[in-house]
Amino acid sequence: MSGKAKDILQLDLYGLLGIENTATAKEIKKAYRQKALKCHPDKNPDNPKAAELFHQLSQALEVLTDAAAKAAYDKICAAKKQAEERNRKLDDKRKKIKLDLEARERQAEAHTQDEVQITRTLDEQITRLREEGSRQLEEEQRLIREQIQREREEQQNTDWASTMEFCLACLNSGLGRCSSSNVTPKLKLKWKCKKDDCTNGGYCQDFILKLLRKYGDVLNVIVSSKKKGSAVVEFATVRAAELAVKNESGLSENPLKILWLEGQPEVAPASQCMSTQGSLSNERDYESVVMMRMRQAAERQRLIEQIQKEDDEEEAMS
C-alpha cells in the first residue's frame with residue numbers, strides 16, 4: 001500500500017466535509033467551498049493547522065468527485081465497517097471450536113487480501129488524478145481565492161467610504177458647526193388655520209413629508225393635534241434643514257413660516273474659517289475631498305430634480 005493511499009484511508013472524507021456518503025457531486029462541491037473558505041490559510045494566518053486542514057479538504061474533494069476513486073474509497077470503508085461489525089460479534093469467551101476459529105482466520109485473511117487489492121486500486125486512481133493535474137481542484141481553489149479577495153476589497157471599500165463620509169459631512173456643513181453634535185436638526189412649521197378647519201389649512205403629515213423630503217432625508221414629521229397650524233419636522237442632516245429654511249414657502253394661498261427649533265448651525269468666526277481652510281490646504285487629499293463634495297452636490301441636485309419631476313407627474317395623473 002503506498003503512502004498516499006494510507007494517508008487517505010486515515011481520513012474520514014465525508015466527515016471532513018460534513019456530508020453523507022450519498023451526497024451528490026454538487027453537494028460535495030458546495031460543502032468543500034464552505035469548509036475551505038473558513039479554514040483557508042490566508043484567512044487564518046495565526047493557525048498553524050489551517051494549511052493541513054485545507055490540504056485534507058482538497059484531498060476529500062479530489063477523491064469524492066471522481067467516480068472511480070470514490071468507488072474504491074467507498075468499498076474500503078464498507079470493508080472496514082464489516083470487519084468492525086465482525087469483531088464486535090466475536091465471542092470473548094471463545095466457546096467455539098478450533099476449526100471455527102481457523103475458518104474465521106482464513107476468512108479474515110481473504111478480506112485482507114481484498115482490502116490490499118482495493119487499496120491498490122485507490123492508489124492508482126489517486127496517482128491518475130495527480131497526473132491529470134486535478135483541474136477541478138484547481139478551479140475550486142481559484143474560486144475560493146477570488147472570494148477571499150472580494151471580501152478584502154469590500155472591507156477596504158467600506159473603510160474608505162466611512163472615511164469619505166466623515167470628510168464630506170464636515171465639508172457639507174460649510175464652515176459652520178452644529179450647536180450640539182448629539183442633536184438632530186428640528187424645525188418648527190407654522191401656518192394659518194381656523195379652529196374649525198378640518199383640512200388643517202391644507203397641511204397634513206403626508207403632504208409636509210412630500211413637501212420637504214426633496215431637500216434631504218426627513219426622519220420624522222409631527223403635526224400638532226392640539227394646536228392648529230403647527231408641526232415639528234426632524235431632518236437627518238443640518239444641510240437638508242438649512243435648504244428647507246431658505247427655500248420652502250409652502251402653499252401659495254397659505255404660506256409656511258419655518259423656524260429653527262434645535263440644531264441650528266453656528267457660523268464660525270472669520271479667523272477660525274481662515275485657520276480651518278489653512279489646515280485643510282495642508283492635507284494631501286484636500287483637493288480630492290473637495291472634488292467629491294462637488295460630485296455629491298451634483299448628485300443631490302439631480303435627486304431633487306427627479307423628485308420634483310415625479311411629483312409633477314403624480315399631480316398631472318391625479
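Every heavy atom of this structure was used, including side-chain atoms; hydrogens, water molecules and symmetry mates were not.
No donor-acceptor pair under 3.5 Å is formed between the side chain of Tyr203 and the backbone N or O of Ser230. Judged purely by atom type and a 3.5 angstrom limit, Asn200 has no side-chain atom pairing as donor or acceptor with the backbone of Cys204. No donor-acceptor pair under 3.5 Å is formed between the side chain of Asn220 and the backbone N or O of Glu234. Side-chain atoms of Asn254 come within 3.5 Å of backbone N or O of Gly201 as a donor-acceptor pair. Between the side chain of Asn87 and the backbone N or O of Ala83, at least one donor-acceptor pair lies under 3.5 Å. Remark: side-chain polar atoms of Gln205 are paired, donor with acceptor, to backbone N or O of Val221 under 3.5 angstrom.
Not counting sequence neighbours, the partners of Ala23 by the side-chain contact (heavy atoms from CB on, under 4.5 Å) test are Ile19, Glu27, Ile28. In this structure, the side-chain contact (heavy atoms from CB on, under 4.5 Å) partners of Lys190, at least two apart in sequence or on a different chain, are Lys188, Lys257.
Put simply, Tyr215 and Trp260 are part of the same group of oily side chains (I, L, V, M, F, W, Y) that touch within less than 4.5 Å, one to the next. Leu219 and Leu212 are members of different hydrophobic clusters when ILVMFWY side chains are connected at heavy-atom separations under 4.5 Å. Leu57 and Ile144 fall into different hydrophobic clusters, where Ile, Leu, Val, Met, Phe, Trp and Tyr are joined by side-chain heavy atoms under 4.5 Å apart, directly or via other members. Residue Leu64 is not grouped with residue Leu143 when hydrophobic side chains (ILVMFWY) are merged at heavy-atom distances under 4.5 angstrom, including chains of intermediate members. Clustering ILVMFWY residues whenever any of their side-chain heavy atoms sit less than 4.5 angstrom apart, transitively, puts Ile208 in the very cluster that holds Leu243.
Other residues, nucleotides and ligands contribute at most 12 non-hydrogen atoms within 6.0 Å of the CD atom of Glu20. Enclosure of atom CG in Asn247 by more than 12 non-hydrogen atoms of other residues, nucleotides or ligands within 6.0 angstrom is indicated.
Going from atom NZ of Lys192 over to atom NZ of Lys194 covers 11.0 Å, rounded to the nearest 0.5 Å. Of the inter-residue distances, the one linking Ile222 atom CD1 with Lys186 atom NZ reads 9.0 Å to the nearest 0.5 angstrom. Between Lys195 atom NZ and Asp197 atom CG the span is 13.5 Å, to the nearest 0.5 Å. Rounded to the nearest 0.5 angstrom, Leu53 CG and Asn47 CG are separated by 8.5 Å.
The salt bridge (charged side-chain N to carboxylate O under 4.0 Å, His left out) analysis of residues 73-82, with sequence neighbours excluded, yields the pairs Lys70-Asp74.
The pair Asp42-Arg145 does not count as a salt bridge, with every side-chain nitrogen at least 4.0 angstrom from each carboxylate oxygen. Between Glu124 and Arg120, none of the side-chain N atoms (NZ, or NE/NH1/NH2) sits under 4.0 Å from a carboxylate O, so this pair counts as no salt bridge. Using a 4.0 Å cut-off between a side-chain N of Lys or Arg and a carboxylate O of Asp or Glu, Glu109 and Arg106 do not qualify as a salt bridge. For the pair Lys49 and Glu52, the salt-bridge criterion is not met [side-chain N within less than 4.0 Å of a carboxylate O].
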Practice task
Check step by step if side-chain contact (heavy atoms from CB on, under 4.5 Å) holds for Val233 and Ile258.
Solution key: CA-CA 10 Å; Val233 179; Ile258 304 178; over 6 Å; no

Exercise for the section: Carefully, step by step, assess Glu139 and Arg142 under the rule side-chain contact (heavy atoms from CB on, under 4.5 Å). Expected result: CA-CA 5 Å; Glu139 176 65 16; Arg142 182 185 66 81; 2.4 Å; yes

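Considering all non-hydrogen atoms of both residues, Leu17 and Ala31 come closest at O-CB, 3.5 Å. Between Phe207 and Gly202, the shortest heavy-atom contact is CD2-O, 3.8 Å. Of all non-hydrogen atoms in Ala50 and Pro41, the two that sit nearest each other are CB-CA, 4.4 Å. Residues Gly18 and Lys35 come closest through the heavy atom pair N-CE, 4.4 Å. Annotation for Asn21 and Tyr14: closest pair CA-CE2, 3.3 Å, computed over non-hydrogen atoms. Residues Glu62 and Leu129 approach most closely at O-CD1, 3.5 Å, considering heavy atoms.
With Gln117 as reference, Thr121 is the one residue of Asp114, Thr119, Thr121 to meet the side chain to side chain contact (heavy atoms under 4.5 Å, CB included) rule. Each of Gln113, Glu115, Gln107 was compared with His111 under the side chain to side chain contact (heavy atoms under 4.5 Å, CB included) criterion, and only Gln107 meets it. Tested against Leu187, the residues Val245, Leu259, Leu256 include a single side chain to side chain contact (heavy atoms under 4.5 Å, CB included) partner, Val245. Checking each of Glu85, Arg86, Glu84 against Gln82 for a side chain to side chain contact (heavy atoms under 4.5 Å, CB included) leaves exactly one that passes, namely Arg86.
Proximity of Lys29 to Arg33: side-chain heavy atoms (C-beta onward) are separated by under 4.5 Å at one or more points. Within the 4.5 Å cutoff, the side chain of Val232 has no heavy atoms near those of the Leu189 side chain. Using a 4.5 Å heavy-atom threshold, the side chains of Thr237 and Glu242 count as separate.
Ring geometry for His40 against Phe54 counts as perpendicular: the plane angle is over 60°, on a 0 to 90° scale with 30° as the lower cut.
Residues Gln147 and Arg150 bring no donor and acceptor atom of their side chains to less than 3.5 Å of each other. Between Glu140 and Tyr32, the side chains place no donor N or O within less than 3.5 Å of an acceptor N or O (distance only, hydrogens not considered). Side chain to side chain, Gln141 and Ser58 meet the donor-acceptor criterion of an N or O pair below 3.5 Å.
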